[in-house]
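Structure in structure tokens, see below.
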Amino acid sequence: MTGQWLLIGYAGLLPFLLFVLLCGDRPSFEGTCLESIHHFIFAGGCCESLQYLVFKLFGEIGSRTCSSVEQYLCDRPNPILQLFYLSILSGSYFAIASTSLQYIPGIYVSEWHKYAGQAAVLVGLLLFLLTSFTDPGVINSTTLQKHISSYPYDGVIYGGKKDCSTCNVSRPARSKHCSICDRCVARFDHHCGWMNNCIGEKNLRYFLSFLIWHVILCWYGALLLGAILLGEVEGRNVVRAISYYYGSPSTLREIYPHVLQWLLTFYSTQVLMMVFLLVVSILLAGFALYHIYLVVVNTTTNETYKWDTFQRWQADVAWKKILDESKKAIADRPESGEKVSRKCGLFSFLSRRHPKTPPKPAQSAFKRDNIYNRGMLANVAEVIFPLSQRNKQRKKD
């Protein structure tokens with residue numbers, strides 16, 4: 001029973017933490033505990049607590065070392081998350097291979113799955129390498145012309161032509177200077193620590209393929225392990241033995257806890273790996289669907305944050321205007337001719353009409369005018385065949 005509770009805790013805590021890390025800073029969670037946890041982890045609270053603890057234990061030298069490590073991990077390109085991904089991929093594969101390949105072929109699993117699993121992992125590794133080491137669309141004096149003609153300035157989140165003071169080049173619409181990589185990137189989406197690379201115009205297609213393929217890979221691994229476990233349960237007549245031991249007939253509701261306990265006793269690695277793959281697949285699927293949505297409407301993660309900031313500013317301006325008008329209306333209200341109440345104290349206070357503060361306008365009330373949305377098919381084609389590469393081909397022709 002202890003193993004079952006550990007499994008439930010593991011399956012519940014891991015997706016919650018990952019969800020907070022990925023989505024805790026979204027506007028929809030503003031003011032909630034999810035935002036507070038995300039802020040504590042990413043906005044310095046976690047690091048400050050760790051630095052304080054290190055300072056108490058090791059003094060000033062330890063504190064300076066901790067600050068240097070934090071700067072390297074958070075503010076500089078580094079391969080830490082890349083190595084972590086490779087350790088997860090290789091560790092998961094070898095854990096499954098060393099414990100489960102011996103059951104292939106089985107009752108529900110064919111021989112070819114031995115080779116299909118290897119091929120699927122290699123494809124995932126190839127997409128990881130393509131995303132990590134492909135040029136995301138770096139803008140410099142050589143590549144500026146083909147990028148600057150790709151997109152017009154929309155006059156809202158991209159007000160007009162500006163120069164990057166760091167790269168000393170004009171900044172095209174939809175581009176951004178990455179403070180971590182220290183370079184300007186065309187159609188900048190975000191800096192991905194897992195890839196140690198920016199996600200931009202030229203490698204977004206590989207990044208999306210990476211996400212979608214790893215969702216499929218996790219589902220495939222989980223289903224394969226499930227088929228192996230189901231075959232072992234059937235092949236060893238576990239249900240029949242449990243029914244005989246506890247008395248026949250037994251309902252499925254009475255039997256399945258004992259079957260799960262048997263699996264955790266003899267096949268704990270396979271059960272834990274299957275739960276791990278299902279949890280990761282759910283998180284990756286959510287992340288992949290979000291980026292697919294961005295592609296369909298032709299926007300980026302960077303532009304989503306820009307629009308959120310702009311809409312928040314619009315809402316604040318509109319609310320301030322409403323408050324000013326409300327105060328002015330109250331100040332201009334005529335008081336001569338009104339009957340003065342003779343009530344005193346609490347009764348006089350309760351009998352007055354106190355003006356209510358008008359509600360703050362919602363951000364969703366302000367429309368996003370995305371001029372880059374040209375329809376679903378054209379938007380998807382724009383990711384598969386980047387505009388800057390099309391411009392380059394036209395000049396050659």
**OP:** Go through the steps for Phe188 and Thr300 under the test side-chain contact (heavy atoms from CB on, under 4.5 Å), then give the verdict.
**Re:** CA-CA 7 Å; Phe188 180 86; Thr300 65; over 6 Å; no
Original post:
So, for Val109 and His113, which heavy atoms are closest and what is the spacing to 0.1 Å?
Top reply: CG1-CD2, 3.6 Å
Original post:
Under 4.5 Å between any side-chain heavy atoms of Trp262 and Val233, yes or no?
Top reply: yes
Original post:
Considering all heavy atoms of both residues, which atom of Gly200 and which atom of Val185 are nearest to each other, and what is their separation?
Top reply: CA-CG1, 3.9 Å
Original post:
How long is the span from the CG atom in Leu125 to the CG atom in Leu130, to the nearest 0.5 Å?
Top reply: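 Interatomic distance, Leu125 CG to Leu130 CG, rounded to 0.5 Å: 10.0 Å.
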Original post:
Looking at side-chain heavy atoms only, is the closest gap between Ile228 and Ile104 below 4.5 Å?
Top reply: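 Counting from C-beta outward, Ile228 and Ile104 do come under 4.5 Å.
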**OP:** Answer yes if Leu89 and Phe84 sit in the same cluster of Ile, Leu, Val, Met, Phe, Trp and Tyr residues linked by side chain heavy atoms under 4.5 Å apart, and no otherwise.
**Re:** yes
**OP:** Supply the atom-to-atom distance Leu223 CG to Met274 CE, rounded to the nearest 0.5 angstrom.
**Re:** 9.5 Å
**OP:** Classify the angle between the aromatic ring planes of Tyr372 and Tyr151 as parallel (below 30°), tilted (30 to 60°) or perpendicular (above 60°).
**Re:** perpendicular
Subject >> Heavy-atom closest pair, residues Ser110 and Pro105 >> reply: C-CB, 4.2 Å
Subject >> Closest non-hydrogen atom pair, Ile148 against Pro172 >> reply: CA-CB, 3.8 Å
**OP:** For a ring-ring contact (aromatic ring centres under 6.0 Å, His included) with His214, tell me which candidate from Tyr220, Tyr85, Trp219, Phe128 qualifies.
**Re:** Tyr85
Original post:
Does the Gln102 side chain pair with the main chain of Thr99, one donor and one acceptor, at a distance under 3.5 Å?
Top reply: yes
Subject >> Residues Tyr103, Tyr267; criterion side-chain contact (heavy atoms from CB on, under 4.5 Å); working and verdict >> reply: CA-CA 12 Å; Tyr103 302 111; Tyr267 300 92; 3.4 Å; yes
Original post:
Can you hop from Val271 to Phe94 via hydrophobic side chains spaced under 4.5 Å?
Top reply: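 In one cluster: yes.
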Subject >> Residues, nucleotides or ligands: over 12 heavy atoms within 6.0 Å of Leu57 CG >> reply: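 Yes, CG of Leu57 has more than 12 neighbouring heavy atoms, counting only those of other groups under 6.0 Å.
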**OP:** Return the orientation label for the Trp307 and Phe310 ring planes: parallel under 30°, perpendicular over 60°, tilted otherwise.
**Re:**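 Plane angle over 60°, so perpendicular.
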Original post:
Can you name the closest pair of heavy atoms from Pro77 and Ile180 and give their distance?
Top reply: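 Minimum heavy-atom separation between Pro77 and Ile180: CD-O, 3.2 Å.
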Original post:
For the hydrophobic clusters of this structure (ILVMFWY residues joined by side-chain heavy atoms under 4.5 Å, transitively), does one cluster hold both Leu86 and Leu211?
Top reply: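 Yes, it is one cluster - the side chains of Leu86 and Leu211 are joined through contacts under 4.5 Å.
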**OP:** Give a yes or no on whether the backbone of Met195 and the side-chain of Gln82 come within a donor-acceptor separation of less than 3.5 Å.
**Re:**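 Yes.
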Original post:
With no hydrogens and no angle check, is any side-chain donor or acceptor of Arg205 less than 3.5 Å from a backbone partner on Ile384?
Top reply: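 Yes; judged by distance alone, with no hydrogens or angles, the pair exists.
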**OP:** Check whether any side-chain heavy atom of Pro136 sits under 4.5 Å from a side-chain heavy atom of Arg183, and report yes or no.
**Re:** yes
**OP:** Could you tell me whether the side chain of Glu232 reaches within less than 4.5 Å of the side chain of Phe266, counting heavy atoms only?
**Re:**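 When only atoms from C-beta onward are counted, Glu232 and Phe266 do not touch, as no gap falls below 4.5 Å.
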Subject >> Close side-chain approach of Val380 to Val295, heavy-atom, < 4.5 Å >> reply: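 Val380 reaches Val295 side chain to side chain.
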**OP:** Report yes or no: do Leu224 and Val123 belong to one cluster of Ile/Leu/Val/Met/Phe/Trp/Tyr joined by side chain heavy-atom distances under 4.5 Å?
**Re:** yes
**OP:** Ignoring hydrogens and angles, tell me if any N or O in the side chain of Ser132 forms a donor-acceptor pair with the backbone of Leu129 under 3.5 Å.
**Re:** no
Original post:
If Ile, Leu, Val, Met, Phe, Trp and Tyr residues are connected whenever their side-chain heavy atoms lie under 4.5 Å apart, and connections chain through other members, are Ile282 and Val215 in the same group?
Top reply: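 No, Ile282 does not connect to Val215 through the hydrophobic network.
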**OP:** Using atom types as modelled and distance alone, determine if a side-chain donor or acceptor of Asn302 lies under 3.5 Å from a backbone N or O of Thr304.
**Re:**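 The answer is no, because no donor-acceptor pair under 3.5 Å joins these two groups.
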Original post:
Say you draw a straight line from OH of Tyr93 to CG of Leu217; how long is it, rounded to the nearest 0.5 Å?
Top reply: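 If we round to the nearest 0.5 Å, Tyr93:OH and Leu217:CG are 11.0 Å apart.
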Original post:
Roughly how far, to the nearest 0.5 Å, is the CZ atom of Phe276 from the CG atom of Leu272?
Top reply: 11.0 Å
Original post:
Once you round to the nearest 0.5 Å, how far does CD1 of Ile199 lie from NE2 of His291?
Top reply: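 Interatomic distance, Ile199 CD1 to His291 NE2, rounded to 0.5 Å: 8.0 Å.
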**OP:** Hey, could you give me the CG/NE2 distance between Leu387 and His147, rounded to the nearest 0.5 Å?
**Re:** 11.0 Å
**OP:** Could you check Leu81 against Asn196 for side-chain contact (heavy atoms from CB on, under 4.5 Å), going step by step and ending with a plain yes or no?
**Re:** CA-CA 8 Å; Leu81 287 180; Asn196 195 25; over 6 Å; no
Original post:
Hey, mind stepping through Ile96 and Gln270 against side-chain contact (heavy atoms from CB on, under 4.5 Å) and telling me if it holds?
Top reply: CA-CA 7 Å; Ile96 294 173; Gln270 288 90 333; over 6 Å; no
**OP:** Tell me, yes or no, whether the heavy-atom count around Arg240 atom CZ, taken from other residues, nucleotides or ligands under 6.0 Å, exceeds 12.
**Re:**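 No.
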**OP:** Over all heavy atoms of both residues, which pair between Gly231 and Ile107 is shortest? Give the atoms and the distance, please.
**Re:**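 It is O-CD1, 3.3 Å.
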Subject >> Beyond-backbone contact of Ile371 with Pro152, side-chain heavy atoms, under 4.5 angstrom >> reply: yes
Subject >> Given Phe207, Tyr305, Tyr290, the one that forms ring-ring contact (aromatic ring centres under 6.0 Å, His included) with His190 >> reply: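 Result: among Phe207, Tyr305, Tyr290, Phe207 is the only option passing the ring-ring contact (aromatic ring centres under 6.0 Å, His included) with His190.
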Original post:
Hey, does the side chain of Asp135 reach the backbone of Lys202 with a donor-acceptor pair shorter than 3.5 angstrom?
Top reply: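 No; judged by distance alone, with no hydrogens or angles, the pair does not exist.
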Original post:
So which of Glu303, Glu201, Glu382 actually passes salt bridge (charged side-chain N to carboxylate O under 4.0 Å, His left out) with Arg187?
Top reply: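 Only match with Arg187 under salt bridge (charged side-chain N to carboxylate O under 4.0 Å, His left out): Glu382.
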Original post:
Does a donor on one side chain and an acceptor on the other come within less than 3.5 Å for Asp182 and His177?
Top reply: yes
Subject >> Asp189 side chain to Thr301 backbone, donor-acceptor under 3.5 Å >> reply: yes
Original post:
With a 4.5 Å limit on heavy-atom distance, are the side chains of Val280 and Ile88 in contact?
Top reply: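 The answer is no; the side chains never approach within 4.5 Å.
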**OP:** Keeping the roles fixed (side chain from Asn370, backbone from Val297), state whether a donor-acceptor pair exists under 3.5 Å.
**Re:** yes
**OP:** Answer yes or no: is there a side-chain heavy-atom contact under 4.5 Å between Thr143 and Val138?
**Re:**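 The answer is no, as the side chains (C-beta and beyond) never meet within the 4.5 Å cut-off.
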Original post:
Is the side chain of Asn78 donor-acceptor paired with the backbone N or O of Arg76 at a distance under 3.5 Å, no angle test?
Top reply: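 Side chain of Asn78 to backbone of Arg76: a pair is present.
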Subject >> Exam field: side chain Ser98 to backbone Ala95, donor-acceptor pair closer than 3.5 Å >> reply: yes
